[in-house]
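For reference, the structure is listed below as structure tokens.
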Amino acid sequence: MARSGKATVIGAGFYGSTTAQRLAEYDIFDEVVMTDIRDGWSEGLALDMNSSRPIEGFETLVVGKTTTPDGQGYEVIADSSVVVVTAGVPRKPGMSRMDLLGVNAGIVRGVAENIAEYAPDAVVIVVSNPLDEMTTLAQIATGFPHERVMGQAGVLDTARFTWFVAEKLGLPVSAVKTLTLGSHGDTMVPVASACTVVIDGQEKLLADVLPQDEIDALVTRVRGGGAEVVALLKTGSAYYAPSAAAARMARAVATDSGATIPVCAWLTGQYGIADVYLGVEAKLGKTGVQQIVERSLSDTELAQLREAADAVKSKAADIASM
Ligand code: APR
């Protein structure tokens with residue numbers, strides 16, 4: 001594929017820099033921009049990443065830029081087709097994602113306002129936590145149409161679920177398909193009918209291969225998948241799988257692929273739910289979320305999805321004022 005366009009990652013910490021590296025190594029963009037408020041940090045990482053190009057064999061130029069919260073330096077993001085927002089504080093052991101709400105809201109609002117000013121046509125992918133709430137806030141602060149602002153969660157939760165099933169059954173990850181909808185956290189909804197494994201060339205429902213209590217234990221592990229990494233690292237949170245997830249979404253947008261991906265998207269009546277950002281499957285393309293893909297859910301799954309929506313909605317008024 002010919003190289004074209006520009007992708008930007010705001011926040012060049014663990015998550016952001018790894019996302020930028022993945023996007024650059026796809027070798028599909030003319031330019032990948034990375035920004036951070038840490039003086040010289042983005043420039044240093046860009047210098048390092050560009051020096052990896054002769055070894056890895058990609059021509060995408062990586063540009064690093066120090067920015068200020070009030071917008072200095074943001075001209076570098078102009079004309080980005082997609083902007084990934086990773087700016088924010090990660091969890092410490094024992095913290096929930098919701099504990100980050102106050103501090104990350106201030107950061108995400110400021111970043112979003114600068115994106116609206118300097119890259120008014122971009123599609124925005126939010127990853128800062130708490131995810132559903134930060135996505136809601138980014139849409140409000142940019143004023144962008146809802147379909148141009150989405151969050152990353154479902155790709156990651158699904159990937160964790162797939163890996164845990166593959167590990168449990170001793171299968172290659174490519175033989176396992178899973179799906180989670182709902183929010184990125186306690187109200188995540190595993191979709192049993194979409195969870196399958198291929199054993200000896202035959203596709204089977206996960207529920208026909210593992211007893212329910214073992215599936216439940218895996219789902220519980222997925223819900224706490226991020227916290228499990230945080231507890232082991234003791235400082236910082238997960239970034240390899242999260243950055244892979246965000247980069248895939250950005251690629252689907254930039255290449256206008258139309259791929260159906262689980263993302264945090266604005267609902268307008270799908271599943272009987274409206275006016276809330278929630279994890280669902282959606283077709284992604286250059287205008288962002290092109291279509292929410294509804295699948296048939298069991299009554300229990302539908303009830304869990306509505307519960308997840310209510311949980312995010314209950315914070316909506318607070319978020320708008322942050
Ligand atoms: N503009 C740009 N960058 C900012 C801003 C801002 N206003 N405020 C903070 N940053 C930068 C920090 O300087 C830091 O480099 O965001 C970066 C965050 O990086 P890390 O501390 O390494 O955190 P990371 O693991 O990358 O997580 C970032 O993603 O998964 C979520 O919960 C996590 O909200 C957190 C975010």
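Read the numbers this way: they start at 1 and go in the same order the structure lists the ligands and their atoms.
- Considering backbone and side-chain N/O of T67, none are found under 3.5 Å from N/O of ligand 1.
- Under 4.0 Å from ligand 1, not a single heavy atom of P69 appears.
- Listed by number with element, the atoms of ligand 1 under 4.0 angstrom from any heavy atom of V127 are 29 (O), 31 (C).
- Here the protein heavy atom with the shortest distance to atom 19 (O) of ligand 1 is G13 CA, 3.2 Å.
- Near V89, with a cut-off below 4.0 Å to any heavy atom, the atoms of ligand 1 are 32 (O), 34 (O), 35 (C).
- Ranking the protein heavy atoms by distance from atom 22 (O) of ligand 1 puts F14 N, 2.9 Å first.
- Heavy-atom neighbours of K92 NZ from other residues, nucleotides or ligands within 6.0 Å: at or below the threshold of 12.
- The aromatic rings of H146 and Y277 lie tilted to each other, with the angle between the two planes from 30° to 60°.
- Protein heavy atom closest to atom 28 (C) of ligand 1, with residue, atom name and distance, is T86 O, 3.1 Å.
- The single protein non-hydrogen atom nearest to atom 17 (C) of ligand 1 is D36 OD2, 3.7 Å, given as residue, atom name and distance.
- Every heavy atom of T35 sits 4.0 Å or more from the atoms of ligand 1.
- Contact annotation: P242 has no heavy atom less than 4.0 Å from any atom of ligand 1.
- Taking only nitrogen or oxygen atoms, main chain and side chain alike, N129 reaches within less than 3.5 Å of ligand 1.
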